[in-house]
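Naming convention: chains lettered A, B, ... in sequence-line order (proteins, then strands); numbering from 1 in each chain.
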Number of protein chains: 2
Amino acid sequence: MAKVTANQGLTERLQAALKERGQRWTDQRQIIVDVLAASDGHATGAELVERVRQDDPSATPSTVYRTLDLLEELGLARHHHGPDGRETYHLEETTEHGHLHCRGCGAEQELDAAAAAPILRAITGATGFSADLDHLSLQGLCAACRADQKG
Amino acid sequence: MAKVTANQGLTERLQAALKERGQRWTDQRQIIVDVLAASDGHATGAELVERVRQDDPSATPSTVYRTLDLLEELGLARHHHGPDGRETYHLEETTEHGHLHCRGCGAEQELDAAAAAPILRAITGATGFSADLDHLSLQGLCAACRADQKG
DNA sequence: ATGCTTATTGCAACGTGTTGCGATAGACTT
DNA sequence: AAGTCTATCGCAACACGTTGCAATAAGCAT
């Protein structure tokens with residue numbers, strides 16, 4: 001049985017977008033999109049490289065990273081930097097969201113658009129900046145850790 | 001003429017803090033603190049390494065980075081990650097502040113504690129998190145670029 | 001099907017930062 | 001002043017990403 005890509009619609013959109021720009025559809029790109037979709041939460045660049053190499057051992061990091069850049073250009077993927085500076089990628093299909101890292105317990109929490117709205121408003125109010133939620137990556141202490149510190 | 005360190009007070013504080021922890025004061029550490037103080041705005045790790053090597057060509061990256069980590073542990077320095085993930089260091093003497101990067105014009109703007117207060121409040125209100133201002137590094141569009149886009 | 005154009009790939013080298021380990025050299029004791 | 005203990009240093013190797021270049025192969029035209 002032929003391996004059916006789990007992302008028919010996505011793949012088609014991608015193929016169309018590439019054609020329009022005179023760019024090409026390749027097996028590697030299919031694999032990378034599949035892997036990204038499969039690790040739908042968040043994956044670092046290195047993790048994605050490794051997973052892609054399980055499907056196609058001939059793939060190299062440069063190709064994977066270049067494809068990820070391309071997917072971002074096309075608006076299909078996003079990346080942000082964790083508190084340690086490493087890259088984390090996710091598909092744009094996931095709703096736009098920010099990230100919160102607790103330096104106490106190490107927990108990571110997502111911040112959806114609704115929860116972020118007052119924050120973004122405060123940023124615009126204080127600075128005139130309209131901040132990108134997808135690039136919002138905060139570090140601090142979560143409620144539980146703050147309570148612990150007081151105890 | 002002996003080279004006089006420009007940071008008497010800082011150096012003394014540092015020496016005392018190290019002694020208390022059973023750690024040592026070395027020429028390299030003096031140089032690194034001096035360099036950090038001299039490039040008082042913000043400098044990437046690589047820039048700092050290069051400047052330190054001008055004063056002491058025998059210094060190696062590992063030493064510089066390890067010292068920077070130590071200075072952070074002691075609360076004397078801070079680093080955050082720019083939008084490209086590179087590290088940027090500054091002395092803690094500078095008042096705590098966040099950073100805003102405009103993806104339109106590339107401008108970088110500082111965010112002082114007063115301006116940030118309503119933002120931090122909004123974050124706590126929305127999430128329970130108490131965010132670290134020093135690690136706050138936002139990307140978005142500045143007021144000018146937003147106006148341009150509308151034009 | 002064959003050939004042409006050029007986007008994509010793999011490779012190799014680089015840039016930034018981190019880590020393990022043996023050698024060096026601070027700081028303290030005698 | 002000499003010796004001891006161990007923090008720090010330099011080195012070499014590694015991890016994550018990026019970039020230039022020559023070889024490959026995708027997509028189109030014939």
Exercise. Between the side chain of B:Asp112 and the main-chain N/O of B:Ala114, is any donor-acceptor distance below 3.5 Å?
Worked result: yes

Exercise. Once the angle between the rings of B:His42 and B:His99 is folded into 0 to 90°, is it parallel (under 30°), tilted (30 to 60°) or perpendicular (over 60°)?
Worked result: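 Perpendicular: the ring planes of B:His42 and B:His99 meet at over 60°.
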
Using a cut-off of less than 4.0 Å, is there contact between a side-chain N or O of [X] and OP1 or OP2 of [N]?
{"X": "B:Tyr65", "N": "C:dG17", "result": "yes"}
{"X": "A:Arg29", "N": "C:dT9", "result": "yes"}
{"X": "A:Thr26", "N": "C:dT9", "result": "yes"}
{"X": "A:Thr60", "N": "C:dC11", "result": "no"}
{"X": "A:Gln23", "N": "D:dG27", "result": "no"}

Atom [atom1] of [X] and atom [atom2] of [N]: how far apart are they, to the nearest Å?
{"X": "B:Asp69", "N": "D:dA7", "atom1": "CG", "atom2": "C1'", "answer": "16 Å"}
{"X": "A:Leu18", "N": "D:dC28", "atom1": "CG", "atom2": "P", "answer": "12 Å"}
{"X": "A:Arg21", "N": "D:dG27", "atom1": "CZ", "atom2": "P", "answer": "15 Å"}
{"X": "A:Gln28", "N": "D:dA25", "atom1": "CD", "atom2": "P", "answer": "11 Å"}
{"X": "B:Asp27", "N": "D:dA7", "atom1": "CG", "atom2": "P", "answer": "19 Å"}
{"X": "B:Leu68", "N": "D:dT8", "atom1": "CG", "atom2": "P", "answer": "14 Å"}
{"X": "B:Asp56", "N": "D:dG10", "atom1": "CG", "atom2": "C1'", "answer": "11 Å"}
{"X": "A:Asp84", "N": "D:dC16", "atom1": "CG", "atom2": "P", "answer": "11 Å"}

Exercise. Would you say the base of D:dC9 and the side-chain of B:Ser58 have a donor-acceptor pair closer than 3.5 Å?
Worked result: no

Exercise. What does B:Arg66 touch in the nucleic acid at a heavy-atom separation under 4.0 angstrom: a base, only the sugar-phosphate, or nothing?
Worked result: base

For this session: Report which part of the nucleic acid B:Gly22 touches: base, sugar-phosphate, or nothing (heavy-atom distance under 4.0 Å, all strands).
Result: sugar-phosphate

For this session: Assess the pair A:His90 and A:His79: is the distance between their ring centroids shorter than 6.0 Å?
Result: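 No, too far apart.
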
For this session: Indicate if A:Val52 and A:Leu14 have the same hydrophobic cluster label, given that clusters are the connected sets of ILVMFWY residues with side-chain heavy-atom separations under 4.5 angstrom.
Result: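 In one cluster with A:Val52: A:Leu14, yes.
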
Of all the nucleotides listed ([options]), which has the minimum atom distance to the side chain of [X]?
{"X": "B:Arg24", "options": "C:dG26, C:dG10, C:dT19", "answer": "C:dG26"}
{"X": "A:Thr67", "options": "D:dC16, C:dT9, D:dC9", "answer": "C:dT9"}
{"X": "A:Ser62", "options": "C:dT18, D:dG27, C:dC11", "answer": "C:dC11"}

Exercise. Is the closest basic N to carboxylate O distance between B:Glu87 and B:Arg78 below 4.0 Å?
Worked result: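 Salt bridge: no.
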
